[in-house]
There are 2 protein chains.
Amino acid sequence: MTQRKVISFETIRVACKNCTLSQLCLPMGMSPEDVDRLDSIVKRSRPLHRGDHLFRSGERFRSLYVVKTGSVKTYTPSEEGGEQVLGFHLPGEIIGLDAIDQDTHACSAKVLETSAICEVPFQRFEELAASIPSLQHSMYRLLSKEIGHDAEMLLLLGKKNAEERLAAFLVSMSQRLSKRGLSPTDFYLSMSRHEIGNYLGLAVETVSRLFTRFQDEGLVKVDRKHVEILDLPTIEHLAGAAQAATSRKHSN
Amino acid sequence: MTQRKVISFETIRVACKNCTLSQLCLPMGMSPEDVDRLDSIVKRSRPLHRGDHLFRSGERFRSLYVVKTGSVKTYTPSEEGGEQVLGFHLPGEIIGLDAIDQDTHACSAKVLETSAICEVPFQRFEELAASIPSLQHSMYRLLSKEIGHDAEMLLLLGKKNAEERLAAFLVSMSQRLSKRGLSPTDFYLSMSRHEIGNYLGLAVETVSRLFTRFQDEGLVKVDRKHVEILDLPTIEHLAGAAQAATSRKHSN
DNA sequence: AATCGCCCTTGATGCGTGTCAACCTGGGTT
DNA sequence: AACCCAGGTTGACACGCATCAAGGGCGATT
């Protein structure tokens, strides 16, 4: 059983137009009337708790999900408990885009901490997008952005070493959190070391050692899930050094 | 200079409706009239040759490209000649989807062999898609499929060993070629060992050794770029074994 | 037909990181 | 307060694959 903290807020009814994430989320650059139309199809459920699933691999695809608060991980489960973590999703990020093609979820989505999630029924959304050019364009851009992000991960997994991977992970967290108005240098990781390692293609032990090393080198201060970034420029340099390092290894 | 074989076919004017790839390409499930409308915005240039670029990283995004015949590789160039190969694209596959978001190409696309390419100006395409629901849906599916494919690659690069990667590569080529009506067990690789290695996150030498080993084990017959697959089931098994193998390594 | 150069192959060696094992720590339970 | 246990850390070791180095073969050019 997970800790059901007594969070006494009821079903959260923040409309898209009042949502602080509207610049990150679907309604980018839409007129107020169109935002209302979008708002009318979005479902908002009670907050979900650690371990709850938005959907599971194999289920029929019906809706996209947008993280409003909290965090979610997506992963492809394989037989007997093994899994491949595909990503961690922060507020404003959209989940389920990969399921449109097959009309079936190929991955599962599990909530990492108490989170508020918007559900967007895809069929109604698609109809709406057809009549709102800017929404349609937003959707294309979102899908495209996801592809671009995946390409970065391909590079990370294909060419970067362990140190570069963890540095890139920290930089990514920092950037995404700061876009959401949170501190870029002081944050809590809602996922376990194991999940980080799985995501980055590293063993847990390697992740742990790297956190220790980064701390010894004065780059970060780590206390369990609490991370303070002390020297972001150096970490960014470590993360980006891959281009130079790899171009030597894998040059033509 | 590349070998400009005297291929004496002029500008190829095969309309979408006559194209053998229409089941793989954009016009999936569209009415004949709508296919004509799509056809009217598609540009078809003279065949391109090995080494030609469809676009380069940093250029303004204007069009999507569809491979009609031949093959194309996409890659992110880094300073001084190094590169990360993102993918190899066969007939019916669409290139440039990652550029929609930023409105700028983040990767370059280079033709691997004499190829015919359709160019689809994106702005006009987007307008058209807004008025043809099935085309819009096709586009969502295509973008979504790309995301799903990238997720597979993430798993490959994150969790599979060298043998599993090359096996997966061969299986992928086999499947994609057979969908296009070509032999699933006998084909030519238009890319170099170096490019395969770069794509799979392996050194050239490792790729070479694996080809030799697969041949010694009777799984394939390799002669330079010509590959004959002798034991597809075993190769598929090697490629898929990752789920079982990795779930042990990276289990929760 | 001889030469050049690129791509590929093959062998020897070393490093990075996975694996195995033990221990530590903090949070939750009884 | 003592216990338990999952998650995390640390150390020792092994192995897969990158790296370095050398040689071979085919295609292109002359």
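Letters A, B, ... mirror the listed sequences (proteins, then strands); counts begin at 1.
Taking atom CG of residue Asn198(B) and atom P of nucleotide dC7(C), one finds them 14 Å apart after rounding to whole Å. One can place CD of Glu163(A) at 10 Å from P of dG16(C), the figure rounded to the nearest angstrom. Rounding to whole angstrom units, OH of residue Tyr188(B) and P of dG27(D) are separated by 11 Å. The distance from atom CZ of Arg224(B) to atom C1' of dG24(D) is 10 Å, rounded to the nearest whole Å. If you measure from atom CG of Leu157(A) to atom P of dG16(C), you get 19 Å, rounded to the nearest angstrom. What separates NZ of Lys159(A) from C1' of dG16(C) is a distance of 17 Å, to the nearest Å. Whole-Å rounding puts the Leu189(A) CG to dG8(D) P distance at 10 Å. For the pair His194(A) NE2 and dT19(C) P, the interatomic distance rounds to 11 Å; values are reported in whole Å.
Remark: the Arg209(B) side chain and the dT19(D) base include a donor-acceptor N/O pair separated by less than 3.5 Å. Evaluation of atom-type donor-acceptor distances gives a pair under 3.5 Å for the side chain of Glu205(A) against the base of dC20(C).
Applying the 4.0 Å criterion to OP1 and OP2 of dG18(C), one finds that Thr206(A) has a side-chain N or O inside that range. Proximity of Ser208(B) to the phosphate of dT10(C): no side-chain N or O atom is located under 4.0 Å from OP1 or OP2. Between Lys225(A) and dG8(D), a side-chain N or O to OP1/OP2 separation shorter than 4.0 Å is present.
Nearest-nucleotide mapping onto DNA chain C: of Ala162(A) and Val207(B), the residue sitting toward the 5' end is Val207(B).
Counting only distance, with no hydrogens or angles, the side chain of Arg165(A) and the backbone of Leu202(A) share no donor-acceptor pair below 3.5 Å.
When the nucleotides dT17(C), dC8(C), dT10(C) are ranked by their closest atom to the side chain of Asn161(A), dT17(C) comes out on top. You'll find that the side chain of Ala203(A) is closest to dG18(C), out of dG18(C), dG7(D), dA21(D). When distances are taken from the side chain of Arg193(B) to each of dG18(C), dT9(C), dA18(D), the shortest belongs to dT9(C).
Checking Gln84(A), Glu195(A), Lys110(A) one by one against Tyr75(A), the side-chain contact (heavy atoms from CB on, under 4.5 Å) holds for a single residue, Lys110(A).
Salt-bridge annotation for Glu163(B) and Arg209(B): absent, with no side-chain N of the basic residue lying under 4.0 Å from a carboxylate O of the acidic one.
Side-chain N/O atoms of His53(A) and Ser108(A) include no donor and acceptor closer than 3.5 Å.
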Trace of the side-chain hydrogen bond (donor to acceptor under 3.5 Å, both in side chains) decision for Thr234(B) with Asp231(B): CA-CA 6 Å; Thr234(B) 300; Asp231(B) 186 352; 2.6 Å; yes
